[in-house]
Student: 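Let me give you the structure first, and then I'll get to my questions.
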Amino acid sequence: MTSTNTNTIELDLPASHKYLNVLGDCIAGMLARVDRLADYQTVRYDVQLGVHEVCTNIVDHAYRDQPEGRIKVSMTLADDSSQFIVEVRDTGHSFDPALVPLPELETEQVRGYGLFLIYNLLDSVNYCPSPGQNTWQLIKNL
């Protein structure tokens with residue numbers, strides 16, 4: 001995940017919930033550098049929550065039996081500041097998002113909102129599972 005873009009930050013995090021705040025702080029810091037961002041608080045919240053949900057699912061599901069797993073994250077602010085692009089990679093178990101049921105919004109439930117939130121908070125979501133590496137590309141238009 002090497003990048004030559006000067007607007008890119010890369011992180012290599014342990015697959016643990018306790019390190020996800022580091023990722024959230026980096027997202028907030030990068031978005032704070034966008035001069036014309038109309039609603040920084042909302043955009044920051046949407047991106048942080050969407051990326052956090054992806055990483056939580058990786059910790060809980062992709063690495064369910066691999067406590068030594070790593071999450072590699074690349075965050076890029078487009079040169080014209082029109083998009084914030086996050087790539088998240090793991091080497092854990094893959095899955096088929098089409099097989100995950102939508103949450104029943106009329107009924108209370110504790111779990112099962114993650115993918116629904118990810119797809120609704122971000123403008124583009126692509127998941128590419130492959131043997132040895134799963135990749136999420138998340139884009140927020142600014």
Student: Applying side-chain hydrogen bond (donor to acceptor under 3.5 Å, both in side chains), name anything that partners Asp96, two or more places apart in sequence or on another chain.
Tutor: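 Testing Asp96 for side-chain hydrogen bond (donor to acceptor under 3.5 Å, both in side chains), a comparison that skips the adjacent residues, returns none.
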Student: What pairs with Thr135 under side-chain hydrogen bond (donor to acceptor under 3.5 Å, both in side chains), at least two apart in sequence or on another chain?
Tutor: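 For Thr135, the residues satisfying side-chain hydrogen bond (donor to acceptor under 3.5 Å, both in side chains) (neighbours in sequence not counted) are Arg89.
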Student: Cut-off 3.5 Å, no hydrogens considered: what does the side-chain donor-acceptor table look like for residues 62-69, sequence neighbours left out?
Tutor:
from, atom 1, to, atom 2, distance (Å)
Tyr63, OH, Arg70, O, 2.6
Tyr63, OH, Thr91, N, 2.8
Tyr63, OH, Thr91, OG1, 3.2
Arg64, NH1, His61, O, 2.8
Asp65, OD1, His93, NE2, 2.9
Asp65, OD2, His93, NE2, 3.4

Student: Excluding sequence neighbours, so at least two apart, what forms salt bridge (charged side-chain N to carboxylate O under 4.0 Å, His left out) with Arg44?
Tutor: none
Student: List the residues meeting side chain to side chain contact (heavy atoms under 4.5 Å, CB included) with Asp39, not counting sequence neighbours, and say none if there are none.
Tutor: Gln41, Thr42
Student: Could you tell me which residues satisfy side chain to side chain contact (heavy atoms under 4.5 Å, CB included) with Asn21, sequence neighbours excluded, listed by chain and number?
Tutor: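 Expected list: none.
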Student: Can you name the ring-ring contact (aromatic ring centres under 6.0 Å, His included) partners of Tyr127, sequence neighbours left out?
Tutor: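 For Tyr127, the residues satisfying ring-ring contact (aromatic ring centres under 6.0 Å, His included) (neighbours in sequence not counted) are Phe95, Trp136.
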Student: Going by heavy atoms in the side chains, are Cys55 and Val88 under 4.5 Å from each other?
Tutor: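 Side-chain contact under 4.5 Å: yes.
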Student: With sequence neighbours left out, what residues match Gln137 under side chain to side chain contact (heavy atoms under 4.5 Å, CB included)?
Tutor: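 If we apply the side chain to side chain contact (heavy atoms under 4.5 Å, CB included) test to Gln137, skipping adjacent residues, the hits are Ile85, Glu87, Asn126, Ile139.
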Student: Through direct or indirect side-chain contacts below 4.5 angstrom among Ile, Leu, Val, Met, Phe, Trp and Tyr, which residues connect to Leu20?
Tutor: none
Student: Under the side chain to side chain contact (heavy atoms under 4.5 Å, CB included) rule, collect the residues that match up with Leu49, sequence neighbours excluded.
Tutor: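 Testing Leu49 for side chain to side chain contact (heavy atoms under 4.5 Å, CB included), a comparison that skips the adjacent residues, returns Tyr45, Glu53, Leu117, Leu121.
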Student: Can you name the residues that form a side-chain hydrogen bond (donor to acceptor under 3.5 Å, both in side chains) with Thr56, not counting sequence neighbours?
Tutor: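 With sequence neighbours excluded, Thr56 shows a side-chain hydrogen bond (donor to acceptor under 3.5 Å, both in side chains) to His52, given in chain and number order.
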Student: For the OH atom on Tyr40, are there more than 12 heavy atoms of other groups (residues, nucleotides or ligands in this structure) within a distance under 6.0 Å?
Tutor: yes
Student: According to side-chain hydrogen bond (donor to acceptor under 3.5 Å, both in side chains), who are the partners of Ser16, at least two apart in sequence or on a separate chain?
Tutor: none
